Amino acid sequence: MIQQIKSWLEDATVDIFIGYRDVDGHAVPHGYTADRLEELGNWTVGTHRYPLETFALHLARIHPEATIGLLGRDCNQRALNVLSVWNQLHADRIRVLSLSCCPSALKTRADCSYLVPRKSGSFKHQVGVDAEMEAAELEALPSGERWARWAYEFQKCIKCYGCRDICPVCFCAECSLESDELVGTGKLPPEVPIFHLVRATHMAGRCVDCGLCEEACPADIPLRLLYRKVNAIVEDLFGYQTGSDTAQPPLSVLGDRVELEPLPMEKTG
Amino acid sequence: MTVKRVRFIQELLRFVGLEGRVHLEWISSAEAGKFVQVVTEFTETIRRLGPNPIQRTVRPFKASGPRRLGTSSAPSEAETDAESSEEPAAASHL
Amino acid sequence: MTETQGVNAMECKLVPSICSYCGTGCGVLFEVIDGKLQGTMPMKSHPVNEGKLCIKGWHLHEHINSFMRLKSPLIKNNGRFEKATWDEAIQTTAQRLSSVVERHGPDSVGVLVSAKITNEENYLAQKFARACIGTNNVDHCARL
(Lines give C-alpha, C1' and ligand atoms only; values in the text may rest on other atoms or scores of the structure.)
Protein backbone atom coordinates (compact mmCIF):
# COMPACT_ATOMS: atom_id res chain seq x y z
CA MET A 1 0.00 0.00 0.00
CA ILE A 2 2.81 2.40 0.89
CA GLN A 3 4.56 1.51 -2.39
CA GLN A 4 1.39 2.30 -4.31
CA ILE A 5 0.98 5.68 -2.64
CA LYS A 6 4.66 6.43 -3.19
CA SER A 7 4.41 5.71 -6.90
CA TRP A 8 1.19 7.75 -7.17
CA LEU A 9 2.89 10.71 -5.54
CA GLU A 10 6.11 10.31 -7.56
CA ASP A 11 4.46 10.13 -10.97
CA ALA A 12 2.04 12.91 -9.93
CA THR A 13 -1.08 10.78 -10.30
CA VAL A 14 -2.13 12.56 -7.15
CA ASP A 15 -0.87 15.84 -5.71
CA ILE A 16 -1.69 14.90 -2.17
CA PHE A 17 -2.71 11.64 -0.54
CA ILE A 18 -4.85 11.71 2.57
CA GLY A 19 -4.28 8.75 4.85
CA TYR A 20 -3.26 8.28 8.43
CA ARG A 21 0.02 8.75 10.22
CA ASP A 22 1.13 7.44 13.55
CA VAL A 23 1.47 10.05 16.28
CA ASP A 24 2.49 8.41 19.56
CA GLY A 25 0.28 5.42 18.83
CA HIS A 26 -2.71 7.43 17.62
CA ALA A 27 -3.80 7.18 13.99
CA VAL A 28 -4.16 10.81 12.89
CA PRO A 29 -5.33 11.81 9.40
CA HIS A 30 -2.54 13.28 7.33
CA GLY A 31 -1.96 14.54 3.80
CA TYR A 32 1.17 13.04 2.24
CA THR A 33 2.85 14.98 -0.56
CA ALA A 34 5.65 14.28 -3.03
CA ASP A 35 8.06 16.74 -1.42
CA ARG A 36 7.76 15.07 1.96
CA LEU A 37 7.87 11.39 0.96
CA GLU A 38 9.86 10.46 4.05
CA GLU A 39 6.71 11.01 6.11
CA LEU A 40 5.38 7.74 4.69
CA GLY A 41 7.59 6.05 7.28
CA ASN A 42 4.94 7.00 9.84
CA TRP A 43 2.10 5.53 7.75
CA THR A 44 -0.44 3.64 9.79
CA VAL A 45 -3.98 2.34 9.57
CA GLY A 46 -5.96 2.08 12.75
CA THR A 47 -9.49 1.02 13.52
CA HIS A 48 -10.55 4.62 14.14
CA ARG A 49 -12.29 6.30 11.25
CA TYR A 50 -12.31 9.98 10.36
CA PRO A 51 -14.25 11.64 7.54
CA LEU A 52 -11.24 11.88 5.19
CA GLU A 53 -13.49 13.11 2.38
CA THR A 54 -14.30 16.20 4.47
CA PHE A 55 -10.62 17.11 4.50
CA ALA A 56 -10.48 16.42 0.76
CA LEU A 57 -13.46 18.72 0.31
CA HIS A 58 -11.82 21.51 2.30
CA LEU A 59 -8.61 21.03 0.28
CA ALA A 60 -10.51 21.07 -3.01
CA ARG A 61 -12.17 24.34 -2.04
CA ILE A 62 -8.73 25.95 -1.60
CA HIS A 63 -6.97 24.09 -4.44
CA PRO A 64 -9.68 23.31 -7.01
CA GLU A 65 -7.10 22.15 -9.57
CA ALA A 66 -5.44 19.53 -7.34
CA THR A 67 -5.90 15.79 -7.67
CA ILE A 68 -6.49 14.28 -4.26
CA GLY A 69 -5.78 10.69 -3.29
CA LEU A 70 -7.69 9.18 -0.46
CA LEU A 71 -7.61 6.08 1.66
CA GLY A 72 -11.14 4.79 1.29
CA ARG A 73 -13.22 2.46 3.32
CA ASP A 74 -16.59 1.52 1.83
CA CYS A 75 -18.26 4.34 3.76
CA ASN A 76 -15.71 6.88 2.48
CA GLN A 77 -16.39 5.65 -1.05
CA ARG A 78 -20.15 6.11 -0.64
CA ALA A 79 -19.63 9.58 0.81
CA LEU A 80 -17.44 10.51 -2.17
CA ASN A 81 -20.20 9.32 -4.51
CA VAL A 82 -22.72 11.50 -2.72
CA LEU A 83 -20.37 14.50 -2.72
CA SER A 84 -19.87 14.15 -6.44
CA VAL A 85 -23.62 13.75 -7.06
CA TRP A 86 -24.15 16.98 -5.12
CA ASN A 87 -21.42 18.71 -7.18
CA GLN A 88 -19.07 19.22 -4.27
CA LEU A 89 -16.14 17.18 -5.57
CA HIS A 90 -15.07 16.30 -9.11
CA ALA A 91 -14.95 12.52 -9.36
CA ASP A 92 -12.04 12.75 -11.84
CA ARG A 93 -9.92 14.72 -9.37
CA ILE A 94 -10.22 12.02 -6.71
CA ARG A 95 -8.32 8.72 -6.57
CA VAL A 96 -9.26 6.19 -3.96
CA LEU A 97 -7.11 3.45 -2.52
CA SER A 98 -9.47 0.92 -0.99
CA LEU A 99 -9.02 -0.36 2.48
CA SER A 100 -10.33 -3.65 3.75
CA CYS A 101 -13.46 -2.97 5.74
CA CYS A 102 -17.05 -4.11 6.26
CA PRO A 103 -16.21 -7.80 6.74
CA SER A 104 -18.09 -10.62 5.07
CA ALA A 105 -17.85 -14.41 5.04
CA LEU A 106 -15.03 -14.18 2.50
CA LYS A 107 -13.22 -11.31 4.16
CA THR A 108 -12.95 -11.58 7.90
CA ARG A 109 -10.21 -9.04 8.56
CA ALA A 110 -11.29 -5.44 8.61
CA ASP A 111 -10.15 -2.12 10.04
CA CYS A 112 -13.23 -0.42 11.31
CA SER A 113 -14.29 1.00 14.62
CA TYR A 114 -17.81 -0.22 14.09
CA LEU A 115 -17.09 -3.91 14.59
CA VAL A 116 -17.10 -3.85 18.36
CA PRO A 117 -20.73 -4.26 19.43
CA ARG A 118 -21.87 -1.56 21.79
CA LYS A 119 -23.60 -2.61 24.95
CA SER A 120 -26.41 -0.58 26.43
CA GLY A 121 -27.38 -0.65 30.07
CA SER A 122 -30.63 -2.18 31.28
CA PHE A 123 -32.23 1.24 31.82
CA LYS A 124 -31.75 2.19 28.18
CA HIS A 125 -33.14 -1.19 27.15
CA GLN A 126 -36.21 -0.51 29.23
CA VAL A 127 -37.04 3.05 28.21
CA GLY A 128 -34.83 4.02 25.29
CA VAL A 129 -33.85 2.88 21.85
CA ASP A 130 -30.92 0.52 21.75
CA ALA A 131 -28.43 1.25 18.98
CA GLU A 132 -28.24 -2.46 18.14
CA MET A 133 -31.99 -2.66 17.51
CA GLU A 134 -33.34 -3.21 14.02
CA ALA A 135 -35.87 -0.77 12.63
CA ALA A 136 -38.40 -3.61 12.28
CA GLU A 137 -38.10 -4.52 15.96
CA LEU A 138 -38.91 -0.95 16.87
CA GLU A 139 -41.81 -0.77 14.44
CA ALA A 140 -43.40 -3.80 16.11
CA LEU A 141 -43.94 -1.72 19.26
CA PRO A 142 -47.16 0.31 19.70
CA SER A 143 -46.77 3.87 18.45
CA GLY A 144 -47.16 5.50 21.88
CA GLU A 145 -44.30 3.47 23.26
CA ARG A 146 -42.19 4.11 20.18
CA TRP A 147 -42.63 7.82 20.64
CA ALA A 148 -41.84 7.60 24.37
CA ARG A 149 -38.63 5.72 23.59
CA TRP A 150 -37.53 8.19 20.92
CA ALA A 151 -38.47 11.13 23.16
CA TYR A 152 -36.25 9.67 25.88
CA GLU A 153 -33.36 9.53 23.40
CA PHE A 154 -33.93 12.97 21.86
CA GLN A 155 -34.18 14.62 25.26
CA LYS A 156 -30.63 13.62 26.08
CA CYS A 157 -29.30 15.81 23.28
CA ILE A 158 -26.82 18.43 24.47
CA LYS A 159 -26.91 20.18 21.11
CA CYS A 160 -23.20 19.88 20.44
CA TYR A 161 -23.82 19.76 16.68
CA GLY A 162 -21.28 16.92 16.60
CA CYS A 163 -23.52 14.78 14.36
CA ARG A 164 -23.57 17.56 11.79
CA ASP A 165 -19.97 18.61 12.17
CA ILE A 166 -18.53 15.13 11.68
CA CYS A 167 -20.94 14.19 8.90
CA PRO A 168 -19.01 13.69 5.64
CA VAL A 169 -22.01 14.71 3.54
CA CYS A 170 -22.96 17.83 5.56
CA PHE A 171 -21.29 20.41 3.35
CA CYS A 172 -23.87 23.22 3.35
CA ALA A 173 -22.54 26.70 4.05
CA GLU A 174 -25.76 27.58 5.81
CA CYS A 175 -27.44 25.05 8.07
CA SER A 176 -31.15 24.89 8.93
CA LEU A 177 -30.22 23.67 12.39
CA GLU A 178 -28.75 27.10 13.05
CA SER A 179 -31.87 28.94 11.93
CA ASP A 180 -33.67 30.57 14.83
CA GLU A 181 -37.06 29.93 13.28
CA LEU A 182 -36.59 26.17 13.19
CA VAL A 183 -34.46 25.49 16.23
CA GLY A 184 -34.68 28.01 19.04
CA THR A 185 -31.43 29.19 20.59
CA GLY A 186 -30.36 28.91 24.19
CA LYS A 187 -32.58 26.02 25.17
CA LEU A 188 -31.67 22.51 26.19
CA PRO A 189 -32.64 19.98 25.03
CA PRO A 190 -33.13 21.51 21.59
CA GLU A 191 -36.76 21.47 20.61
CA VAL A 192 -37.80 17.80 20.60
CA PRO A 193 -38.20 16.27 18.05
CA ILE A 194 -37.69 19.16 15.62
CA PHE A 195 -33.90 19.24 15.86
CA HIS A 196 -33.41 15.55 15.15
CA LEU A 197 -36.20 15.18 12.63
CA VAL A 198 -35.06 18.23 10.64
CA ARG A 199 -31.63 16.69 10.44
CA ALA A 200 -33.11 13.29 9.57
CA THR A 201 -35.15 14.88 6.79
CA HIS A 202 -32.10 16.55 5.34
CA MET A 203 -30.31 13.21 5.41
CA ALA A 204 -32.80 11.83 2.87
CA GLY A 205 -30.82 11.03 -0.26
CA ARG A 206 -27.57 11.96 1.44
CA CYS A 207 -26.87 9.71 4.42
CA VAL A 208 -24.24 7.11 3.55
CA ASP A 209 -24.72 5.09 6.74
CA CYS A 210 -21.14 5.53 7.92
CA GLY A 211 -22.21 5.77 11.55
CA LEU A 212 -19.78 8.58 12.41
CA CYS A 213 -22.63 10.68 13.86
CA GLU A 214 -23.53 7.98 16.31
CA GLU A 215 -19.87 7.52 17.26
CA ALA A 216 -19.50 11.24 17.87
CA CYS A 217 -22.70 11.60 19.90
CA PRO A 218 -21.86 12.29 23.55
CA ALA A 219 -25.46 11.53 24.53
CA ASP A 220 -25.49 8.08 22.93
CA ILE A 221 -28.52 8.73 20.73
CA PRO A 222 -29.01 5.91 18.19
CA LEU A 223 -28.73 8.25 15.20
CA ARG A 224 -27.57 5.56 12.82
CA LEU A 225 -30.78 3.62 13.35
CA LEU A 226 -32.84 6.75 12.63
CA TYR A 227 -30.94 7.58 9.44
CA ARG A 228 -30.98 3.94 8.36
CA LYS A 229 -34.75 4.19 8.44
CA VAL A 230 -34.49 7.43 6.44
CA ASN A 231 -32.47 5.56 3.83
CA ALA A 232 -34.95 2.68 3.85
CA ILE A 233 -37.85 5.10 3.26
CA VAL A 234 -35.97 6.76 0.40
CA GLU A 235 -35.32 3.37 -1.14
CA ASP A 236 -38.89 2.10 -0.66
CA LEU A 237 -40.60 5.23 -1.91
CA PHE A 238 -38.25 6.35 -4.65
CA GLY A 239 -36.07 3.32 -5.40
CA TYR A 240 -32.97 5.41 -4.71
CA GLN A 241 -29.94 3.85 -3.07
CA THR A 242 -27.96 6.64 -1.47
CA GLY A 243 -24.22 6.39 -2.01
CA SER A 244 -24.31 3.78 -4.75
CA ASP A 245 -26.60 5.70 -7.09
CA THR A 246 -25.07 8.28 -9.40
CA ALA A 247 -28.45 9.82 -10.27
CA GLN A 248 -29.71 12.99 -8.62
CA PRO A 249 -31.47 12.27 -5.32
CA PRO A 250 -35.28 12.11 -5.50
CA LEU A 251 -35.90 15.14 -3.29
CA SER A 252 -33.78 17.46 -5.44
CA VAL A 253 -35.41 16.69 -8.79
CA LEU A 254 -39.02 17.22 -9.71
CA GLY A 255 -39.38 14.07 -11.82
CA ASP A 256 -41.43 13.59 -14.98
CA ARG A 257 -44.69 12.43 -13.52
CA VAL A 258 -46.37 11.92 -10.19
CA GLU A 259 -45.98 8.34 -9.06
CA LEU A 260 -46.84 8.68 -5.40
CA GLU A 261 -50.15 9.10 -3.64
CA PRO A 262 -50.40 10.81 -0.26
CA LEU A 263 -51.40 8.46 2.52
CA PRO A 264 -55.14 8.34 3.26
CA MET A 265 -56.36 9.84 6.49
CA GLU A 266 -56.10 7.36 9.34
CA LYS A 267 -59.40 6.40 10.83
CA THR A 268 -58.16 5.67 14.31
CA GLY A 269 -60.87 5.29 16.84
CA MET B 1 -42.27 17.42 -5.04
CA THR B 2 -44.84 18.15 -2.33
CA VAL B 3 -46.19 14.63 -2.37
CA LYS B 4 -42.67 13.22 -2.23
CA ARG B 5 -41.82 15.30 0.81
CA VAL B 6 -45.11 14.71 2.57
CA ARG B 7 -44.92 10.95 2.04
CA PHE B 8 -41.36 10.99 3.38
CA ILE B 9 -42.39 12.97 6.47
CA GLN B 10 -45.39 10.71 7.03
CA GLU B 11 -43.16 7.63 7.00
CA LEU B 12 -40.56 9.26 9.24
CA LEU B 13 -43.16 10.39 11.77
CA ARG B 14 -44.63 6.87 11.76
CA PHE B 15 -41.19 5.54 12.64
CA VAL B 16 -40.83 7.79 15.69
CA GLY B 17 -44.42 7.07 16.74
CA LEU B 18 -46.22 10.29 15.76
CA GLU B 19 -48.22 8.96 12.82
CA GLY B 20 -51.51 10.24 11.48
CA ARG B 21 -50.81 13.88 12.22
CA VAL B 22 -49.84 14.98 8.73
CA HIS B 23 -52.31 14.85 5.88
CA LEU B 24 -52.15 16.06 2.31
CA GLU B 25 -55.14 16.60 0.04
CA TRP B 26 -55.54 18.47 -3.20
CA ILE B 27 -58.57 20.76 -3.09
CA SER B 28 -59.41 23.28 -5.75
CA SER B 29 -60.70 26.69 -4.75
CA ALA B 30 -64.00 25.67 -6.34
CA GLU B 31 -64.44 22.60 -4.16
CA ALA B 32 -65.89 24.18 -1.03
CA GLY B 33 -67.78 21.03 -0.07
CA LYS B 34 -64.67 18.87 -0.25
CA PHE B 35 -62.73 21.41 1.79
CA VAL B 36 -65.31 21.37 4.57
CA GLN B 37 -65.45 17.59 4.55
CA VAL B 38 -61.69 17.08 4.67
CA VAL B 39 -61.14 19.66 7.38
CA THR B 40 -63.95 18.26 9.53
CA GLU B 41 -62.68 14.72 9.12
CA PHE B 42 -59.11 15.66 9.90
CA THR B 43 -60.16 17.69 12.94
CA GLU B 44 -61.97 14.60 14.20
CA THR B 45 -58.92 12.42 13.53
CA ILE B 46 -56.67 14.79 15.41
CA ARG B 47 -59.14 15.01 18.29
CA ARG B 48 -59.21 11.22 18.55
CA LEU B 49 -55.41 11.14 18.59
CA GLY B 50 -55.57 13.23 21.74
CA PRO B 51 -53.42 16.08 22.94
CA ASN B 52 -49.94 16.59 21.58
CA PRO B 53 -47.76 13.88 23.17
CA ILE B 54 -44.66 16.01 22.72
CA GLN B 55 -45.71 18.43 25.43
CA ARG B 56 -46.54 15.58 27.79
CA THR B 57 -43.33 13.59 27.39
CA VAL B 58 -40.82 16.36 26.96
CA ARG B 59 -39.95 18.56 29.86
CA PRO B 60 -37.98 21.75 29.48
CA PHE B 61 -34.53 21.46 30.91
CA LYS B 62 -34.45 23.20 34.27
CA ALA B 63 -31.23 24.35 35.79
CA SER B 64 -32.22 23.43 39.32
CA GLY B 65 -29.00 24.48 40.95
CA PRO B 66 -26.25 22.12 42.03
CA ARG B 67 -27.52 18.60 42.58
CA ARG B 68 -26.52 17.26 45.94
CA LEU B 69 -24.61 14.04 45.80
CA GLY B 70 -25.35 11.47 48.44
CA THR B 71 -29.03 12.28 48.98
CA SER B 72 -31.30 9.43 47.84
CA SER B 73 -29.93 7.86 44.67
CA ALA B 74 -30.23 9.85 41.43
CA PRO B 75 -33.56 11.68 41.48
CA SER B 76 -33.48 12.14 37.72
CA GLU B 77 -33.61 8.40 37.12
CA ALA B 78 -36.59 7.96 39.40
CA GLU B 79 -38.39 10.72 37.55
CA THR B 80 -37.79 9.20 34.16
CA ASP B 81 -38.88 5.83 35.49
CA ALA B 82 -42.22 7.19 36.55
CA GLU B 83 -42.56 8.78 33.17
CA SER B 84 -41.94 5.56 31.31
CA SER B 85 -44.36 3.51 33.40
CA GLU B 86 -46.96 6.14 32.63
CA GLU B 87 -46.39 5.83 28.92
CA PRO B 88 -48.16 2.52 28.06
CA ALA B 89 -51.28 3.88 29.73
CA ALA B 90 -50.99 7.00 27.65
CA ALA B 91 -50.62 4.84 24.57
CA SER B 92 -53.90 3.03 25.20
CA HIS B 93 -55.51 6.40 25.80
CA LEU B 94 -54.40 7.42 22.32
CA MET C 1 3.24 29.09 3.30
CA THR C 2 1.93 31.27 0.52
CA GLU C 3 -0.45 30.56 -2.32
CA THR C 4 2.22 31.36 -4.93
CA GLN C 5 4.02 28.10 -4.26
CA GLY C 6 1.27 26.32 -6.18
CA VAL C 7 -0.15 22.86 -5.91
CA ASN C 8 3.12 21.20 -4.89
CA ALA C 9 3.33 23.28 -1.76
CA MET C 10 -0.06 22.31 -0.48
CA GLU C 11 -0.30 20.85 2.91
CA CYS C 12 -3.07 19.14 4.82
CA LYS C 13 -2.46 17.76 8.25
CA LEU C 14 -4.24 17.18 11.50
CA VAL C 15 -2.45 18.28 14.61
CA PRO C 16 -3.33 16.60 17.90
CA SER C 17 -3.98 18.93 20.80
CA ILE C 18 -6.04 19.28 23.94
CA CYS C 19 -9.18 21.37 24.16
CA SER C 20 -8.47 24.50 26.17
CA TYR C 21 -12.01 25.36 27.19
CA CYS C 22 -12.29 23.48 30.46
CA GLY C 23 -10.47 21.19 32.81
CA THR C 24 -11.76 17.95 31.29
CA GLY C 25 -8.95 17.80 28.73
CA CYS C 26 -10.60 16.35 25.64
CA GLY C 27 -8.30 15.37 22.79
CA VAL C 28 -8.86 17.32 19.59
CA LEU C 29 -7.32 17.36 16.15
CA PHE C 30 -6.83 20.67 14.41
CA GLU C 31 -7.26 20.54 10.67
CA VAL C 32 -4.48 22.64 9.15
CA ILE C 33 -4.54 23.33 5.41
CA ASP C 34 -1.67 25.37 3.98
CA GLY C 35 -0.69 26.50 7.43
CA LYS C 36 -4.12 27.85 8.24
CA LEU C 37 -6.50 26.39 10.78
CA GLN C 38 -9.64 25.15 9.02
CA GLY C 39 -11.48 22.94 11.44
CA THR C 40 -11.61 20.84 14.57
CA MET C 41 -12.23 17.11 14.93
CA PRO C 42 -12.53 15.12 18.12
CA MET C 43 -9.70 12.68 18.64
CA LYS C 44 -11.20 9.22 18.39
CA SER C 45 -8.42 7.38 20.13
CA HIS C 46 -8.14 9.82 23.03
CA PRO C 47 -8.94 8.11 26.34
CA VAL C 48 -10.74 11.14 27.79
CA ASN C 49 -13.37 11.96 25.19
CA GLU C 50 -13.29 8.87 22.93
CA GLY C 51 -14.20 10.79 19.81
CA LYS C 52 -16.85 13.06 21.33
CA LEU C 53 -16.83 16.80 21.96
CA CYS C 54 -19.18 19.47 23.25
CA ILE C 55 -20.29 22.44 21.19
CA LYS C 56 -17.44 24.61 22.45
CA GLY C 57 -14.82 22.04 21.58
CA TRP C 58 -16.23 21.56 18.10
CA HIS C 59 -15.76 25.24 17.36
CA LEU C 60 -12.29 25.74 18.82
CA HIS C 61 -10.88 26.85 15.48
CA GLU C 62 -13.29 29.73 15.10
CA HIS C 63 -11.80 32.22 17.53
CA ILE C 64 -8.28 31.86 16.16
CA ASN C 65 -9.09 33.32 12.77
CA SER C 66 -11.85 35.59 14.05
CA PHE C 67 -11.68 39.20 12.93
CA MET C 68 -12.99 40.19 16.35
CA ARG C 69 -9.93 38.83 18.09
CA LEU C 70 -7.84 41.37 19.97
CA LYS C 71 -4.22 41.25 18.92
CA SER C 72 -2.86 44.14 20.94
CA PRO C 73 -3.75 45.57 24.34
CA LEU C 74 -6.15 48.50 24.55
CA ILE C 75 -6.03 51.27 27.14
CA LYS C 76 -9.10 53.36 27.89
CA ASN C 77 -8.27 57.05 27.62
CA ASN C 78 -10.99 59.68 27.96
CA GLY C 79 -13.69 57.03 27.60
CA ARG C 80 -12.27 55.49 24.44
CA PHE C 81 -10.16 52.38 23.92
CA GLU C 82 -6.85 53.08 22.23
CA LYS C 83 -4.26 50.65 20.92
CA ALA C 84 -1.20 50.41 23.14
CA THR C 85 2.04 48.50 23.39
CA TRP C 86 2.46 45.69 25.91
CA ASP C 87 4.94 47.79 27.92
CA GLU C 88 2.46 50.64 28.26
CA ALA C 89 -0.35 48.26 29.14
CA ILE C 90 1.61 46.44 31.83
CA GLN C 91 2.88 49.73 33.23
CA THR C 92 -0.63 51.16 33.47
CA THR C 93 -2.03 47.97 35.03
CA ALA C 94 0.75 47.86 37.63
CA GLN C 95 0.27 51.50 38.59
CA ARG C 96 -3.51 51.25 38.90
CA LEU C 97 -3.37 47.95 40.81
CA SER C 98 -0.86 49.25 43.32
CA SER C 99 -2.86 52.42 43.86
CA VAL C 100 -6.01 50.35 44.47
CA VAL C 101 -4.17 48.08 46.91
CA GLU C 102 -2.72 51.11 48.69
CA ARG C 103 -6.03 52.85 49.07
CA HIS C 104 -8.44 49.94 49.77
CA GLY C 105 -6.21 47.07 50.93
CA PRO C 106 -5.17 43.86 49.12
CA ASP C 107 -8.56 42.11 49.57
CA SER C 108 -10.17 44.69 47.32
CA VAL C 109 -8.51 42.88 44.41
CA GLY C 110 -9.60 39.53 43.01
CA VAL C 111 -7.79 37.45 40.41
CA LEU C 112 -9.87 35.42 37.98
CA VAL C 113 -7.78 33.03 35.92
CA SER C 114 -8.76 31.11 32.84
CA ALA C 115 -8.83 27.65 31.32
CA LYS C 116 -7.45 29.11 28.14
CA ILE C 117 -3.99 29.58 29.62
CA THR C 118 -1.61 26.85 30.73
CA ASN C 119 -1.32 25.23 34.11
CA GLU C 120 1.98 27.00 34.69
CA GLU C 121 0.51 30.39 33.86
CA ASN C 122 -2.40 29.67 36.19
CA TYR C 123 0.13 28.84 38.91
CA LEU C 124 1.92 32.12 38.27
CA ALA C 125 -1.37 34.01 38.43
CA GLN C 126 -2.25 32.63 41.87
CA LYS C 127 1.32 33.30 43.00
CA PHE C 128 0.88 36.87 41.81
CA ALA C 129 -2.38 37.17 43.74
CA ARG C 130 -1.01 35.74 46.97
CA ALA C 131 2.58 36.96 46.98
CA CYS C 132 2.46 40.28 45.11
CA ILE C 133 -1.00 41.57 45.93
CA GLY C 134 -1.48 39.67 49.16
CA THR C 135 -5.00 38.30 48.73
CA ASN C 136 -6.55 34.85 48.58
CA ASN C 137 -9.21 36.03 46.16
CA VAL C 138 -8.31 33.67 43.34
CA ASP C 139 -10.82 31.83 41.23
CA HIS C 140 -11.04 30.04 37.93
CA CYS C 141 -13.56 30.14 35.12
CA ALA C 142 -13.76 26.37 34.79
CA ARG C 143 -14.05 24.96 38.28
CA LEU C 144 -15.82 21.73 37.42
Side-chain angles (χ1 to χ4, degrees), chain A residues 9 12 14-36 39 44 46-52 54-68 113 157-166 188 190 212 214-220, chain C residues 1-67 115 142 144:
Chain A
L9 285 171
V14 296
D15 297 311
I16 189 164
F17 188 91
I18 304 176
Y20 294 91
R21 87 190 146 119
D22 182 89
V23 181
D24 303 328
H26 298 281
V28 173
H30 187 68
Y32 294 92
T33 47
D35 50 350
R36 288 189 299 272
E39 287 178 345
T44 187
T47 50
H48 294 287
R49 301 174 302 149
Y50 289 89
L52 298 184
T54 304
F55 310 138
L57 182 62
H58 292 169
L59 254 176
R61 282 180 183 161
I62 296 170
H63 296 285
E65 75 289 1
T67 313
I68 302 166
S113 53
C157 181
I158 62 164
K159 209 181 177 189
C160 69
Y161 285 96
C163 47
R164 180 203 63 179
D165 289 341
I166 204 153
L188 268 184
L212 284 175
E214 194 173 292
E215 267 183 29
C217 182
D220 203 18
Chain C
M1 206 168 281
T2 53
E3 288 286 319
T4 49
Q5 281 167 293
V7 176
N8 287 332
M10 76 179 165
E11 175 200 43
C12 169
K13 60 179 178 184
L14 275 93
V15 184
S17 185
I18 302 289
C19 177
S20 56
Y21 271 119
C22 78
T24 306
C26 296
V28 295
L29 296 174
F30 288 123
E31 182 187 348
V32 179
I33 295 179
D34 294 351
K36 204 172 172 204
L37 194 54
Q38 295 285 346
T40 313
M41 279 278 145
M43 198 162 160
K44 304 246 172 189
S45 43
H46 198 277
V48 171
N49 56 326
E50 297 177 337
K52 301 159 206 304
L53 280 180
C54 74
I55 188 160
K56 285 159 91 185
W58 267 109
H59 296 88
L60 272 171
H61 59 282
E62 284 180 0
H63 69 262
I64 293 190
N65 297 323
S66 170
F67 71 97
L144 289 178

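A, B, ... follow the sequence lines: proteins, then strands. Residue 1 opens every chain. This structure is a prediction, so every number in the text was calculated from the model and none was measured.
- With rounding to the nearest 0.5 angstrom, the SG atom of C/Cys12 is 8.5 Å from the CD1 atom of A/Ile62.
- Taking the side chain as every heavy atom from C-beta outward, A/Pro218 and C/Leu53 never approach each other to under 4.5 Å.
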Inset, instruction - Apply side-chain contact (heavy atoms from CB on, under 4.5 Å) to C/Lys13 and A/Val28, showing your working. - result: CA-CA 9 Å; C/Lys13 60 179 178 184; A/Val28 173; over 6 Å; no
Legend entry - Step-by-step side-chain contact (heavy atoms from CB on, under 4.5 Å) determination, A/Asp165 to C/Met41: CA-CA 8 Å; A/Asp165 289 341; C/Met41 279 278 145; over 6 Å; no
Inset, instruction - Show your working on side-chain contact (heavy atoms from CB on, under 4.5 Å) between C/Trp58 and A/Ile166 and close with a plain yes or no. - result: CA-CA 9 Å; C/Trp58 267 109; A/Ile166 204 153; 3.7 Å; yes
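- In summary, of the residues considered (A/His48, A/Glu215, A/His26), a side-chain hydrogen bond (donor to acceptor under 3.5 Å, both in side chains) with C/Lys44 occurs for A/Glu215 alone.
- Heavy-atom distances place no part of A/Arg61 under 4.5 Å from chain C, backbone and side chain included.
- Proximity of A/Pro29 to C/Leu29: side-chain heavy atoms (C-beta onward) are separated by under 4.5 Å at one or more points.
- Contact annotation: the side chain of A/Arg21 never approaches that of C/Leu14 to less than 4.5 Å [non-hydrogen atoms, C-beta and beyond].
- Of all heavy-atom pairs between A/Val23 and C/Pro16, the closest is CG1-CG, 3.9 Å.
- Atom SG of residue C/Cys54 and atom NZ of residue A/Lys159 lie 13.5 Å apart, to the nearest 0.5 angstrom.
- Options A/Tyr32, A/Tyr50, A/Tyr161 differ in how many heavy-atom pairs under 4.5 Å they form with chain C, and the most are formed by A/Tyr50.
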Inset, instruction - Verify side-chain contact (heavy atoms from CB on, under 4.5 Å) between A/Asp15 and C/Met10, making sure each step is shown before the conclusion. - result: CA-CA 8 Å; A/Asp15 297 311; C/Met10 76 179 165; 3.5 Å; yes
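- One finds the NZ atom of C/Lys56 at 13.5 Å from the SG atom of A/Cys160 (value rounded to the nearest 0.5 Å).
- Interface summary for chain A: among C/Gly57, C/Pro42, C/Ser45, the most heavy-atom pairs under 4.5 angstrom belong to C/Ser45.
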